Novice: 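Below are the structure tokens for one structure; questions will follow.
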There are 2 protein chains.
Amino acid sequence: MTGYAPAEAARRSGFSLDTLRYYEKIGLLADVNRTAGGQRVFTDDDLSWLVLFRCLRDTGMPIAQMCRYAALAREGEHTVDERRELLQRHAAQVEEQMRLLQRQYDHLREKIRFYERLPGPTPPDDDR
Amino acid sequence: MTGYAPAEAARRSGFSLDTLRYYEKIGLLADVNRTAGGQRVFTDDDLSWLVLFRCLRDTGMPIAQMCRYAALAREGEHTVDERRELLQRHAAQVEEQMRLLQRQYDHLREKIRFYERLPGPTPPDDDR
DNA sequence: CTCCAACCTGGAGTGCGCTCCAGGTCAAGG
DNA sequence: CCTTGACCTGGAGCGCACTCCAGGTTGGAG
């Protein structure tokens, strides 16, 4: 039942206030409580949604897909299968992303090793 | 000495033809050879630059920084230190990126485990 | 020589995910 | 009360990295 002021919610979630408003505007975050005067009051539940959104975004899920997930969750129990599958598909993409990142990181490291061996008898520099 | 037509270069590099032209326009790719009539002819050297650009982009380097790197390389031998440092700083950022991705992937997996335990005596679903 | 698919240019348009702004309202401390 | 900093709304603007377009040119197959 604890309520958080917008600035506090922003601080805790790591999203900017503008981003929180934006997420509400596009329907990603729905039914945010308000004071009588119309100011937002975020709940712990809102906060845990934001934690999830951060996770999904950091792993590269497009906002449209997060909206889809959130809409399914709001629809109720009968969407759990679809929600699970959505997350599983995403997880598979993240795995692919991690493999690619690792591979390219290795290339980068190799490139750096090339530079680190330069000072000394300079080998033919391909300048790439 | 082998030369590649634009379409072939696109195919080999994985960049679109428009992107290759764009990279040239912004000065990322410089001095691309032309036929008498003005059509581009890509060399193996151009291709290896493109391979590097792909590596840097896949690891999240902004184009402006790639331009900087390319400009340094064009300037000659005396920029090797700066080039190495640029790549090293980038590699450090990639490491951070990989750690974050792994961490959020773990969260995601946990979330999925939550869904996988659902079918059975349904525990209190927090719907997050 | 003719044809047409591939290519050229400059510049406008796109999609994403915010971010900023103007002009007004709210609410807690003094 | 009064002040003032946090908050509100709708909508415009931005930065990035392309992507697309119109209108014209090139060059290799037949």
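Nothing here was measured: the structure is a model prediction, and the numbers come from that model. A, B, ... follow the sequence lines: proteins, then strands. Residue 1 opens every chain.
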Novice: Starting at CD of B:E82, measure out to OH of B:Y69 and round the result to the nearest 0.5 Å.
Specialist: 11.5 Å
Novice: Taking only heavy atoms on the protein side, list every residue of residues 60-68 of chain A lying under 4.0 Å from any atom of DNA chain D, sorted numerically.
Specialist: none
Novice: When you match A:Y23 and A:Q39 each to their closest nucleotide on DNA chain C, which lands nearer the 5' end?
Specialist: A:Y23
Novice: At under 4.0 Å, does any side-chain N or O of B:T19 touch on OP1 or OP2 of D:dT19?
Specialist: yes
Novice: List in chain and number order the residues that pass ring-ring contact (aromatic ring centres under 6.0 Å, His included) with B:Y22, two or more places apart in sequence or in another chain; answer none if no residue qualifies.
Specialist: none
Novice: Salt bridge check, A:E95 against B:R109: does any charged N sit closer than 4.0 Å to a carboxylate O?
Specialist: yes
Novice: Using the rule given for side-chain contact (heavy atoms from CB on, under 4.5 Å), can you reason through B:V41 versus B:Y4, listing the C-alpha separation, both sets of side-chain angles and the distance that settles it, and then say yes or no?
Specialist: CA-CA 5 Å; B:V41 179; B:Y4 306 100; over 6 Å; no
Novice: Run the salt bridge (Lys or Arg N to Asp or Glu O under 4.0 Å) test against A:R89 and tell me which residues pass, sequence neighbours left out.
Specialist: none
Novice: Go through the side-chain N and O atoms of B:H107 and B:Q104 and say whether any donor and acceptor fall under 3.5 Å apart.
Specialist: yes
Novice: Counting only heavy atoms not in B:R68, do more than 12 fall under 6.0 Å of its CZ?
Specialist: no
Novice: Can a side-chain donor-acceptor contact be found between A:Q93 and A:Q88 if the only test is distance below 3.5 angstrom?
Specialist: no
Novice: Give a yes/no on whether any side-chain N or O of A:S16 is located under 4.0 angstrom from OP1 or OP2 of C:dC18.
Specialist: no
Novice: What is the distance, rounded to the nearest whole Å, between atom CG of B:L17 and atom C1' of D:dC18?
Specialist: 13 Å
Novice: Should B:R84 and B:D81 count as an ion pair when the cut-off is N to O under 4.0 Å?
Specialist: yes
Novice: Can you list the stems that include DNA chain C, where a stem is three or more consecutive Watson-Crick or G-U pairs with distances under 3.5 Å?
Specialist: C:1-30 with D:1-30
Novice: What pairs of donor and acceptor atoms, side-chain ones from residues 25-36 of chain A against any protein atom, are under 3.5 angstrom apart with sequence neighbours left out?
Specialist:
residue: A:R34; atom: NH1; partner: A:G38; partner atom: O; Å: 2.8
residue: A:R34; atom: NH2; partner: A:E24; partner atom: OE2; Å: 3.2
residue: A:T35; atom: OG1; partner: A:G37; partner atom: N; Å: 3.3
residue: A:T35; atom: OG1; partner: A:G38; partner atom: N; Å: 3.3
residue: A:T35; atom: OG1; partner: A:Q39; partner atom: N; Å: 3.1

Novice: Provide, to the nearest angstrom, the distance between the CG atom belonging to B:D58 and the P atom belonging to D:dC18.
Specialist: 10 Å
Novice: Let me confirm one number: the CG-NE2 distance from B:L108 to A:H90, rounded to the nearest 0.5 Å.
Specialist: 5.5 Å
Novice: Between C:dG17 atom C1' and A:E24 atom CD, what is the distance in whole Å?
Specialist: 17 Å
Novice: Expressed in angstrom and rounded to an integer, what is the separation of B:F15 atom CZ from D:dA17 atom P?
Specialist: 12 Å
Novice: Between the protein and nucleotides 9-13 of chain D, are there any N/O to N/O pairs under 3.5 Å, and if so, what are the atom names and distances?
Specialist:
residue: D:dT9; atom: OP1; partner: A:R34; partner atom: NH1; Å: 3.1
residue: D:dT9; atom: OP1; partner: A:R34; partner atom: NH2; Å: 3.2
residue: D:dT9; atom: OP2; partner: A:R40; partner atom: NH1; Å: 3.0
residue: D:dT9; atom: OP2; partner: A:R40; partner atom: NH2; Å: 2.8
residue: D:dG11; atom: N7; partner: A:K25; partner atom: NZ; Å: 3.4

Novice: Nearest whole angstrom, please: distance from the P of C:dA6 to the CG of B:L20.
Specialist: 16 Å
Novice: Should A:T35 be listed as having a side-chain N or O under 4.0 Å from OP1 or OP2 of C:dA27?
Specialist: yes
Novice: How many whole angstroms separate atom CZ of A:R57 from atom P of C:dC16?
Specialist: 14 Å
Novice: Could you state the atom-to-atom distance from OH of B:Y22 to P of D:dC21 in whole Å?
Specialist: 19 Å
